[in-house]
Amino acid sequence: MRKTLCFLLALHFTYVSSLPGIVKTLAGGGEPHKGKKSDCNDKEDSKDGIGTEARFNYPWGVAYDHNKHAVYVADCGCLDSVHRTDKIRKIDIKTGTVTTIAGSTQGFSDGFGKDAHFMHVAGITLDPILEILYIADSGNHRIRILYLSNNRVDTVAGLPSPGFVDQSTVSSQFNNPQSVAIIRTDDFKRRLYVADTDNHAIRVIHLETDFSGEVKTLAGGTRGFKDGYKLDAKFYHPTDIVVDGTAEYMYVADHFNHAIRRIELKTGYVTTLSSQGFGAEIGLNNQPVNLIIQYPEGLVYDPDYNLLYVCEFENHDIRVVSMQGLVKTLAGEFKGKKDGVGRTARFFYPSGLAFDRKNRMLYVSDQYNHLVRSVTAVGSNVQYNNIKQEAVLDSTDILKKVKTVADHSSLTLNILLCSASLLVGIFIARPCLSKLIKLFRPSKK
């Protein structure tokens with residue numbers, strides 16, 4: 001009887017799932033990318049303006065500023081184009097106004113505003129205390145900083161040529177770094193982590209107050225797929241990194257391994273959270289299906305629900321990943337350009353993610369649509385057609401309950417399903433329970 005009761009409770013939690021994310025266009029417009037993925041549309045398409053009147057040119061990294069309620073965008077442009085531009089843009093969320101705060105034509109130089117030059121800006125992260133934006137200047141193989149108080153750009157680390165050297169910030173080398181993440185230590189110093197993409201490594205810059213410091217390799221450095229300690233671990237083109245709320249773990253979007261990896265920062269031990277063939281998704285028939293992550297890109301951590309949001313580049317969607325490797329689709333599914341709810345929305349190679357924790361809102365750089373979109377996160381109070389999204393998680397981090405205007409219908413459905421399962425009998429319940437226990441049990445990987 002006890003096993004049957006557990007089966008019914010598990011069945012109830014499985015059938016009641018979260019409301020999908022609500023997708024809207026925050027800024028940008030114009031025609032989507034045309035041609036092959038490797039093509040780059042050669043046109044002048046980077047213009048300040050309001051909302052859909054503004055234009056972006058293959059936007060990549062995004063960062064949210066809760067003090068100014070604004071989103072910063074790394075607008076990376078096309079390489080080898082007569083219209084090539086690399087800029088840092090700012091979107092005032094309240095008004096939708098888009099302005100350029102640094103950068104212009106591609107190149108390399110420090111300076112103020114438009115006098116600064118970048119080459120294929122990628123990931124960005126914000127230090128809200130110092131009001132500094134850290135920038136992965138991937139084409140220049142350097143890490144840059146932008147002082148938001150006066151829009152001055154300086155170089156923190158890296159040299160013009162690609163390489164793999166751990167030394168001081170002025171003599172260290174990177175190879176196509178694509179993401180950065182900042183944390184403050186207990187002694188008030190800063191550690192700037194770098195996804196050194198083409199070195200297949202996670203690096204760390206121990207920054208002093210004057211931005212001098214030492215560069216060290218935290219994990220990886222050899223292309224491949226392997227869990228392990230520090231340099232014994234292997235990555236394949238890590239594209240984004242994020243640190244959890246306690247600064248205990250880092251999560252890595254391991255792009256060509258189609259995996260989400262986890263690094264214990266204290267020990268440097270790397271494990272796999274979810275990857276191709278590992279983990280499960282709750283399918284439409286409420287049965288676990290194999291999880292195949294396709295080219296993960298943008299990555300953010302949600303401390304309130306202890307989960308990750310992931311941009312799946314090739315699947316054109318935004319996913320929710322629990323700490324047990326379970327996955328749900330929040331929004332998107334097919335290539336296209338459309339606002340909407342859940343799988344009805346369309347993205348075109350989404351790349352960067354930022355998170356407004358207070359308002360439960362995600363911001364996405366929809367790269368090949370040349371847009372910046374907003375997506376309601378788990379627990380959002382935003383309503384769409386009188387449906388209110390208030391998802392919560394149980395102790396296994398699986399989305400279990402949503403309070404909506406349709407709650408009574410959901411409850412009735414579950415009562416009918418549970419009643420039917422009782423008629424089936426204990427011999428069917430037992431194997432179903434066994435399958436559910438395997439689904440809910442944390443993976444050993």
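All values reported here derive from a predicted model rather than from experimental measurement. Values below: all heavy atoms of this structure, side chains included; hydrogens, waters and symmetry mates excluded.
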J.: Do other residues, nucleotides or ligands put more than 12 heavy atoms under 6.0 Å from K68 NZ?
T.: yes

J.: When the aromatic ring centroids of Y295 and H258 are compared, is their separation below 6.0 Å?
T.: yes

J.: Given 3.5 Å as the limit, does a donor-acceptor pair link the side chain of S138 with the main chain of V121, or not?
T.: no

J.: Can M323 and L308 be said to form a side chain to side chain contact (heavy atoms under 4.5 Å, CB included), step by step?
T.: CA-CA 8 Å; M323 293 300 107; L308 298 166; 3.9 Å; yes

J.: Does a donor on one side chain and an acceptor on the other come within less than 3.5 Å for D240 and S179?
T.: yes

J.: Given the rule in the salt bridge (Lys or Arg N to Asp or Glu O under 4.0 Å) test, do K266 and E248 qualify, once you have shown the distances and angles that lead to the verdict?
T.: CA-CA 7 Å; K266 187 176 181 180; E248 183 178 1; over 6 Å; no

J.: Applying side chain to side chain contact (heavy atoms under 4.5 Å, CB included), name anything that partners A219, two or more places apart in sequence or on another chain.
T.: F235, I263, V270

J.: Only one of V23, V375, D317 clears side-chain contact (heavy atoms from CB on, under 4.5 Å) with L330; which?
T.: V375

J.: Does N176 use its side chain to pair, donor to acceptor, with the backbone of H141 at less than 3.5 Å?
T.: no

J.: With a 3.5 Å distance limit and no angle check, can you tell me whether H370 reaches the backbone of Y58 through a side-chain donor-acceptor pair?
T.: yes

J.: Give the C-alpha distance, both sets of side-chain angles, the deciding distance and a yes or no for side chain to side chain contact (heavy atoms under 4.5 Å, CB included) between R319 and Y309.
T.: CA-CA 6 Å; R319 312 272 279 204; Y309 301 98; over 6 Å; no

J.: Is the Lys NZ or Arg CZ of R261 less than 6.0 Å from the centre of F225's six-membered ring, within 45° of the axis?
T.: yes

J.: Can you list the steps and then say if R142 with F174 is a side chain to side chain contact (heavy atoms under 4.5 Å, CB included)?
T.: CA-CA 7 Å; R142 291 178 166 108; F174 301 87; over 6 Å; no

J.: Would you mind reporting whether L130 and R184 have side-chain heavy atoms less than 4.5 Å apart?
T.: yes

J.: Can we say D302 and R360 salt-bridge, meaning some charged N sits less than 4.0 Å from an Asp/Glu carboxylate O?
T.: yes

J.: Quick check: do L353 and L299 have side-chain heavy atoms less than 4.5 Å from each other?
T.: no

J.: For the OG1 atom of T99 and the NZ atom of K87, what is their distance to the nearest 0.5 Å?
T.: 11.0 Å

J.: Checking R373 against F347: charged group under 6.0 Å from the ring centre and within 45 degrees of the axis?
T.: yes

J.: Can you tell me how far CD of E312 sits from CD1 of I318, rounded to the nearest 0.5 angstrom?
T.: 9.0 Å

J.: Looking at D166 and K216, is there a salt bridge between them, counting it only when a charged N and a carboxylate O are closer than 4.0 Å?
T.: no

J.: Assess R190 against Y134: is NZ or CZ under 6.0 Å from the centre of the six-membered ring, and within 45 degrees of the ring's axis?
T.: no

J.: Can R357 and D304 be said to form a salt bridge (Lys or Arg N to Asp or Glu O under 4.0 Å), step by step?
T.: CA-CA 8 Å; R357 179 182 179 184; D304 298 314; 2.8 Å; yes

J.: Would you name the heavy atoms of F211 and V156 that are closest together and state the gap between them?
T.: O-CG1, 4.3 Å

J.: Could you tell me whether a side-chain N or O of D244 sits under 3.5 Å from a main-chain N or O of T246, the two making a donor and an acceptor?
T.: yes

J.: Whether R223 engages the ring of Y236 as a cation-pi pair (distance to the six-membered ring centre under 6.0 angstrom, angle to the ring normal within 45°) should be assessed.
T.: yes

J.: Are the side chains of V321 and L273 in contact, using a 4.5 Å heavy-atom criterion?
T.: yes

J.: Closest approach of A27 and V98, non-hydrogen atoms and distance?
T.: CB-CG2, 3.7 Å

J.: Apply the side-chain contact (heavy atoms from CB on, under 4.5 Å) test between V242 and each candidate in F355, Y249, Y301; give the one that qualifies.
T.: Y301

J.: Quick one, I135 and V180 - any side-chain contact, counting heavy atoms below 4.5 Å?
T.: no

J.: Can R346 be said to sit on top of F334's aromatic six-ring, NZ or CZ under 6.0 Å from centre and within 45° of the ring axis?
T.: no

J.: How about D65 and Y72: does a side-chain donor come under 3.5 Å of a side-chain acceptor?
T.: yes

J.: Of the non-hydrogen atoms in A181 and V243, which two are nearest, and what is the gap between them?
T.: CB-CG2, 4.3 Å

J.: Does any non-hydrogen side-chain atom of P20 lie less than 4.5 Å from one of T329?
T.: no

J.: Quick one: are L148 and L126 in side-chain contact, heavy atoms under 4.5 Å?
T.: yes

J.: Any side-chain to backbone donor/acceptor pair from D92 onto T97? Under 3.5 Å, distance only.
T.: no

J.: To the closest 0.5 Å, what do you measure between CG (L26) and CG (D339)?
T.: 10.5 Å

J.: Taking atom types as modelled and ignoring hydrogens, do the side chains of D198 and H237 form a donor-acceptor contact shorter than 3.5 angstrom?
T.: yes

J.: Closest approach of V252 and P238, non-hydrogen atoms and distance?
T.: CG1-CB, 3.7 Å

J.: How close do V62 and A354 get, counting heavy atoms only, and between which atoms?
T.: CG2-N, 3.6 Å

J.: Backbone N or O of A259 within a donor-acceptor pair of the N257 side chain at under 3.5 Å?
T.: no

J.: How would you list, by chain and number, every residue that makes a salt bridge (Lys or Arg N to Asp or Glu O under 4.0 Å) with E214, sequence neighbours excluded?
T.: none

J.: Below 30° counts as parallel, above 60° as perpendicular, anything between as tilted: where do the rings of Y349 and H316 land?
T.: tilted

J.: Where the side chain of T155 meets the backbone of A157, is there a donor-acceptor pair that is under 3.5 Å apart?
T.: no

J.: Any luck finding a side-chain donor-acceptor pair between D227 and T271 under 3.5 Å?
T.: no

J.: Where does the angle between the aromatic ring planes of H69 and Y64 fall among parallel (under 30°), tilted (30 to 60°) and perpendicular (over 60°)?
T.: perpendicular

J.: Looking only at heavy atoms, what is the nearest atom pair of D86 and M119, with distance?
T.: OD2-C, 3.9 Å

J.: Atom CD1 of I241 and atom OG1 of T125: how far apart are they, to the nearest 0.5 Å?
T.: 8.5 Å

J.: Do I88 and F118 have side-chain heavy atoms sitting under 4.5 Å apart?
T.: yes

J.: Got a second to check how far I202's CD1 is from T197's OG1, nearest 0.5 Å?
T.: 8.0 Å

J.: Does any part of the side chain of F56, heavy atoms only, come nearer than 4.5 Å to the side chain of R89, both counted from C-beta?
T.: yes

J.: List the steps, then state whether salt bridge (Lys or Arg N to Asp or Glu O under 4.0 Å) holds for R203 with D196.
T.: CA-CA 7 Å; R203 318 280 291 279; D196 194 3; 2.5 Å; yes

J.: How many angstroms lie between NZ in K328 and OG in S322, if you round to the nearest 0.5 Å?
T.: 10.0 Å

J.: I'd like to check the side chain to side chain donor-acceptor pair (under 3.5 Å) partners of N175; sequence neighbours left out, ordered by chain and number.
T.: none

J.: Determine, step by step, whether V310 and I260 satisfy the side chain to side chain contact (heavy atoms under 4.5 Å, CB included) criterion, reporting the C-alpha distance in whole Å, the side-chain angles of both residues, the deciding distance to 0.1 Å, and the verdict.
T.: CA-CA 9 Å; V310 182; I260 305 299; 4.1 Å; yes

